[in-house]
Amino acid sequence: MGDSYLCCCIRATLGNDKITGRTVNPGDRWDRQGCDRRHGLMDKIDRRNDMRRVRTTVVGVLAAIFSLTAAVVPAAAAQHNPVIFVHGWMGSSSNWDAMIADFKADGYSDSELYAWDYDTAQSNKNTADEFIAVVNDMLARTGASAVDVVSHSMGGLNTRWYLKFNNGTAKVDDWVSLGGPNHGTTSADACYTTSCYEMRIGSDFLSDLNAGDESPSGTVYGTWWSPCDETINPDESVVVDGAKNTKTACISHTGLLSDETVSRQVRDFVA
């Protein structure tokens, strides 16, 4: 039973211990029932303390396992690249509201989608230089290794210049041109900004942009062109050698921005 049992059971009495047979001192008496009750209480306290120690040990072991697991298991990689949307001549970031809503419905977060505004009158070369910081900022904010670029109209020219002459192919995974005047358009003859001159068929800007490889390696290229585009003439000017070139239904130039089929195809292309 242990010393604690015997020690708690000494009372003043005289005689022999009837249970153990041991001799007790005069004046001692063993109150067996009281001792039994106290001993039972001590057992319960001991068992509770043992359970607490076991729980503490288990919790400590689980915490150690969890910390080790967290240290060796990397965070899940993003399922898609962030996307930068680039509007065309005299456009604005709001041109992309419908398509951005579609991307969000597919699971993209606000931080992964950015519609960029810029001065459409300046040279597309200047815009391409400014685009360097836009891409770098998106990569820094999201932690991604590459972005996707979706452009409309003239936005395809300055972003292509960025890819070809500013080492952009190292940072852009997929590039999309919706109704881009990649080989010029006659409608640019009616406007007189620097960027308009660059969009004219046979301009020095387009000659440099399309010289050699129109789609430098490192980036996947896709274009969408409409046979009913009233702004891009000829319609096939959109087509880029080496790209996946998709002819749409009869859609207007601005209609390319909100057409459901085009939007679905673009999202599948950059996925």
Side-chain angles (χ1 to χ4, degrees), residues 83-93 95-100 102-103 115-116 120 124 127-128 131 148-164 168-169 172-191 195-203 205-217 219-271:
V83 184
I84 302 175
F85 299 86
V86 183
H87 61 74
W89 188 74
M90 297 296 289
S92 72
S93 57
N95 294 157
W96 298 106
D97 288 351
M99 190 170 290
I100 286 178
D102 291 339
F103 271 84
W116 181 47
T120 63
N124 283 289
T127 303
F131 196 58
D148 294 328
V149 174
V150 179
S151 66
H152 178 244
S153 196
M154 190 183 74
L157 299 185
N158 46 60
T159 53
R160 266 187 71 208
W161 190 276
Y162 163 79
L163 293 176
K164 189 166 186 176
T169 55
V172 176
D173 185 24
D174 300 308
W175 173 84
V176 170
S177 172
L178 304 178
N182 291 304
H183 295 87
T185 176
T186 58
S187 61
D189 296 340
C191 64
S195 57
C196 282
Y197 285 113
E198 292 172 344
M199 286 191 287
R200 294 179 180 179
I201 296 173
S203 70
F205 173 85
L206 289 175
S207 295
D208 292 339
L209 181 60
N210 294 315
D213 192 354
E214 293 188 4
S215 51
S217 62
T219 298
V220 180
Y221 299 76
T223 76
W224 275 256
W225 64 279
S226 169
C228 301
D229 192 325
E230 73 285 1
T231 300
I232 305 302
N233 299 303
D235 300 325
E236 294 85 352
S237 174
V238 179
V239 173
V240 171
D241 186 29
K244 179 181 179 181
N245 300 293
T246 302
K247 180 180 179 180
T248 71
C250 186
I251 304 172
S252 69
H253 187 63
T254 57
L256 291 166
L257 292 162
S258 57
D259 182 79
E260 292 183 3
T261 299
V262 172
S263 176
R264 177 74 269 168
Q265 291 172 342
V266 168
R267 282 176 281 141
D268 289 343
F269 180 77
V270 303

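Considering Asp235, Asn182, Ile232, Val240 in turn, Asp235 is the only one that fulfils the side-chain contact (heavy atoms from CB on, under 4.5 Å) rule with Trp225.
Note that CG of Asp189 and CD1 of Ile201 are 7.0 Å apart. Values are rounded to the nearest 0.5 Å. Between Ile84 atom CD1 and Thr159 atom OG1 the span is 10.0 Å, to the nearest 0.5 Å. Considering CG of Asn124 and SG of Cys196, their distance stands at 9.5 Å, rounded to 0.5 Å. Separation of atoms CG (Asn95) and CG (Leu256) is listed at 12.0 Å; rounding is to 0.5 Å. Atom OG of Ser92 and atom CG of Asp97 lie 8.0 Å apart (nearest 0.5 Å). Here the straight-line distance linking atom OG of Ser93 with atom CH2 of Trp116 works out to 12.0 Å at 0.5 Å rounding.
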Test side-chain contact (heavy atoms from CB on, under 4.5 Å) applied to Trp224 and Val176, step by step: CA-CA 8 Å; Trp224 275 256; Val176 170; 3.8 Å; yes

For side-chain contact (heavy atoms from CB on, under 4.5 Å), just list the numbers for Glu198 and Leu157, CA-CA rounded to whole Å, side-chain angles, deciding distance to a tenth of an Å, and then say yes or no. CA-CA 9 Å; Glu198 292 172 344; Leu157 299 185; 5.8 Å; no

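The two residues Ser226 and Ala249 come nearest to each other via the heavy atoms OG-O, 3.4 Å. Considering all non-hydrogen atoms of both residues, Met99 and Val266 come closest at SD-CG1, 4.4 Å. What you find for Gly156 and Ser151 is that their closest heavy atoms are CA-OG, 3.2 Å. The heavy-atom pair separating Asp213 from Lys164 by the smallest distance is O-NZ, 3.2 Å. In terms of heavy-atom proximity, His183 sits nearest to Glu214 at NE2-OE2, 3.0 Å.
Judged as a side-chain hydrogen bond (donor to acceptor under 3.5 Å, both in side chains), the pairs with a partner in residues 236-250 (not counting sequence neighbours) are, in order, Thr223-Asn245.
Between Phe205 and Trp161, the ring centre distance stays below 6.0 Å.
Under the 4.5 Å side-chain criterion, counting only non-hydrogen atoms from C-beta, Val149 is not in contact with Tyr162.
Applying the side chain to side chain donor-acceptor pair (under 3.5 Å) test to Asp268 and every residue at least two apart in sequence or in another chain returns Arg264. His253 meets the side chain to side chain donor-acceptor pair (under 3.5 Å) test with Ser153, Asp229; sequence neighbours excluded. For Asp174, the side-chain contact (heavy atoms from CB on, under 4.5 Å) partners are Asp148, Val220, Phe269, Val270, not counting sequence neighbours. Under the side-chain contact (heavy atoms from CB on, under 4.5 Å) criterion, Thr120 pairs with His87, Trp89, Met90, Tyr118, Met154, not counting sequence neighbours. For Ser187, the side chain to side chain donor-acceptor pair (under 3.5 Å) partners are Thr185, not counting sequence neighbours.
Distance alone, capped at 3.5 Å, is enough to place a donor-acceptor pair between the Asn210 side chain and the Leu206 backbone. Side chain of Ser207 to main chain of Ser203: a donor-acceptor pair is present (N/O by atom type, distance under 3.5 Å, no hydrogens or angles).
Using the six-membered ring where Trp is involved, Trp96 and Phe85 have ring planes that are tilted, between 30° and 60° apart.
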